[in-house]
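Each remark here refers to the structure printed beneath this line.
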Amino acid sequence: MAIERVCVVGAGVIGSLYAAHLARVADVSVLTRRDEHARALNERGLRVSGKSDFTARLRATNDPQELSDFDLAIVATKATQLGEAAAKLAGRFPNATVMTIQNGLGAEELVRGFGDWPLVSAVTFMSGVRHDDAHVEYELDTETWLGPYAGTCSFERAQEIEALLASSGLHARAFPDLLPAQWSKLIFNATVNTVSALTDLPHIGQFAARDAPTDLGHLVHDLMAEGKAVAAAAGVGLHEDPWEMNVHAVRRGETLAAEGHYAHVPSMLEDVRARRATEIDFITGALVREAERLGVPVPLHSAMYRLVKARSAY
Amino acid sequence: MRVAVIGCGAVGSLFAANLGTLDEVEVWAYDQWREHVDAINANGLRLSGAGEVVGRVRATADASELPACDFGIVATKSMHTSAAVEATAHAFEQGAVCSVQNGAGNEELVAEHVREVIRGTTFPAGHVVEPGHVGWDTKGDTHIGPFEPQPAPMEKVRELADTCTRGGMPTHALEDARGAQWRKLIFNAASNAIGALTGFTHGRIAEFPPTRELAWAVMAEGRAVSDAQGIVLDMSPEELFDHAARKDVAYGHKPSMLQDVEAERETEVDFLNGAVVAFGERYGVDAPLNRALTALIKARTAA
């Protein structure tokens, strides 16, 4: 069954990037939280600048009853708003495939509580900056990785989504098993986001510096080593080494900085600066809970979890 | 007796002004803040708050003006210890020098420039109100003892303790002052670093379960490093933590490291959490949480 109708749930930066690009190759509807956000999208379209430059026409609403049938839902809310979003689809759209894109672990299980849709797991490395309700800047045009979740959907379906995303101008890769990639990103995120939120530093060269004994790179490396021990105990072989991801991202950031771009501010630091709820429970919290279940000590991640819980207890 | 206070900020001023009330003591103060020096020389050094005191103190920003002294009391921020003691060491060729600074590792730096060294820990706290005037926020005891690798003789330690006590700063002379020093260090390393990274006051750290659990884990590392050195703590740092968290004690107190971070100043983390790590390495005890906190604070203040 071809994917012709897509519903993007949540129009933050990531949701907006999917919706705008996909609107060039599919019939796209957007479910927003706020009425004025939906109205701005309907009236002005959705503008993308940066790595792409166009304005997409699409339909938006904040009323789930107004949604017509679709073949694919991309749930792109923050992990903290996932339950609320999934509840809006509950019991409906039996023929749709649902793709989750949240940071951390546990999004698929949560969505499963609201319907028995075939589920596709995904992680994305794209990033952007929100300028206003109808304008998002595409910053890093990196890949979205996706794969069938726990036998609920076929690999072929994941490959169809990969092809759809690619035809819209985004970068995507389908995997028969996403867990290795999901865990690579989980360990990367649990480390980089918490260190950034606590030091107020964007993801810059210091994260990979290990010259002096107190250099930040040692802590980053130690946190990743704890995370890798949990993955190993869970029987997950990592897709990419998180430390290599860190070094690579920092180098790419330095190249961009030399070209006059701003350094990437991880979302948890953005949240803390804006005094918003963070995804700490879904990222580091998920890692610590897995570690406890498996009996792997993670004293450093526990410390980071506690510090960020306090830092975000506004 | 002639005493020079090296670093006449809030804590240094509490010692200098109180000692300056004693007829038999000639008190000098060495500090880089010119307006403070001039005000002290013009009107004396004034304390208000927990005690009303005006002490006779001769202040200078020029180390070469310091005459030979019987005692030095070092009260600079820890990152300035080396430079301040090196500049003033000529005044202590026959004298003994006591650190009353935060954390551990200051006596080692003093000993690089001075022969007779005294280890010290002090609890009174204050804040600078204006040049020549310091607010005395809390009274408290001071514990001093010979610095083992390069000790001042015990009779000198007693003489300094007696003089401070007579001046209004209750001071105990101990053969081994490490127990008092490490009790305060273990407490401070937990409260200061967690406060600086979370923005919490001391009381919030103690009552919010995640930070309370972390504080206890950080203090457990400090205890292990202290135990490995054979130090007997004079009181439980955990009890001190809970005592300080009381609404009538220091619930709303912003740890000094948090104040430093908010003011974008350099912190004393190398002498607190960094010292726990460094002494741990010397005695074969790993302190990963203190190491992590040190790295986070250093990154935070380098930003």
Side-chain angles (χ1 to χ4, degrees), chain A residues 191-226 250 263 265-266 268-269 272-273 275 278 280-281 284-285 288 292 297-314, chain B residues 189-221 224 255 258 261-262 264 267 269-278 280-281 286-303:
Chain A
T191 303
V192 171
N193 271 286
T194 52
V195 169
S196 172
L198 293 172
T199 59
D200 205 37
L201 289 174
H203 191 205
I204 55 172
Q206 277 171 267
F207 283 65
R210 287 195 289 169
D211 300 327
T214 55
D215 276 354
L216 197 56
H218 293 288
L219 174 60
V220 170
H221 195 269
D222 291 349
L223 283 163
M224 287 173 168
E226 277 190 3
V250 158
V265 176
M268 201 175 282
L269 175 55
V272 163
R273 282 179 175 173
R275 301 175 73 80
T278 71
I280 185 72
D281 280 311
T284 301
V288 170
E292 277 169 5
V298 285
L300 293 176
H301 279 291
S302 295
M304 301 301 276
Y305 177 78
R306 289 162 171 167
L307 288 168
V308 173
K309 287 297 272 187
R311 180 115 164 80
S312 53
Y314 313 111
Chain B
S191 180
N192 275 277
I194 295 172
L197 291 170
T198 62
F200 274 12
T201 64
H202 181 78
R204 283 288 286 149
I205 296 169
E207 75 184 4
F208 186 66
T211 43
R212 182 181 182 83
E213 285 158 17
L214 179 59
W216 258 246
V218 171
M219 287 193 282
E221 282 188 1
L258 172 56
V261 163
E262 286 181 345
E264 297 179 358
T267 72
V269 70
D270 283 333
F271 296 83
L272 295 170
N273 307 84
V276 174
V277 174
E281 277 168 6
D286 196 23
L289 294 177
N290 280 282
R291 190 165 53 239
L293 292 171
T294 305
L296 289 169
I297 300 277
K298 282 177 137 3
R300 178 91 163 84
T301 48

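What you are looking at is a predicted structure, and each value in this text was computed from that prediction instead of being measured. Just so we're on the same page: letters track the sequence lines, and every chain starts at 1.
Contacts of B/I205 with chain A are absent, with no heavy-atom separation under 4.5 Å from either backbone or side chain.
Note that NZ of A/K309 is 14.5 Å distant from CG of B/L214, once rounded to the nearest 0.5 Å. Here the CG-OG1 distance, from B/N273 to A/T214, works out to 12.0 Å after rounding to the nearest 0.5 Å. Put simply, CG on B/L197 and CE on A/M304 are 8.5 Å apart, with the number rounded to the nearest 0.5 Å. Once rounded to the nearest 0.5 Å, the distance linking OG1 of A/T199 with NZ of B/K298 reads 14.0 Å. The structure places OG1 of B/T294 at 10.0 Å from CG of A/L219, a figure rounded to the nearest 0.5 Å.
Between B/R300 and A/L198 there is no side-chain heavy-atom pair separated by less than 4.5 Å. Counting heavy atoms from C-beta outward, B/F208 and A/R306 have side chains that stay 4.5 Å or more apart.
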Starting from the C-alpha separation in whole Å, work towards a yes-or-no answer on side chain to side chain contact (heavy atoms under 4.5 Å, CB included) for B/L296 and A/L307.
CA-CA 11 Å; B/L296 289 169; A/L307 288 168; 4.1 Å; yes
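Between B/P288 and A/L300 the shortest heavy-atom distance is O-CD2, 3.8 Å. When all heavy atoms of B/F200 and A/A310 are compared, the closest pair comes out as CE1-O, 3.4 Å.
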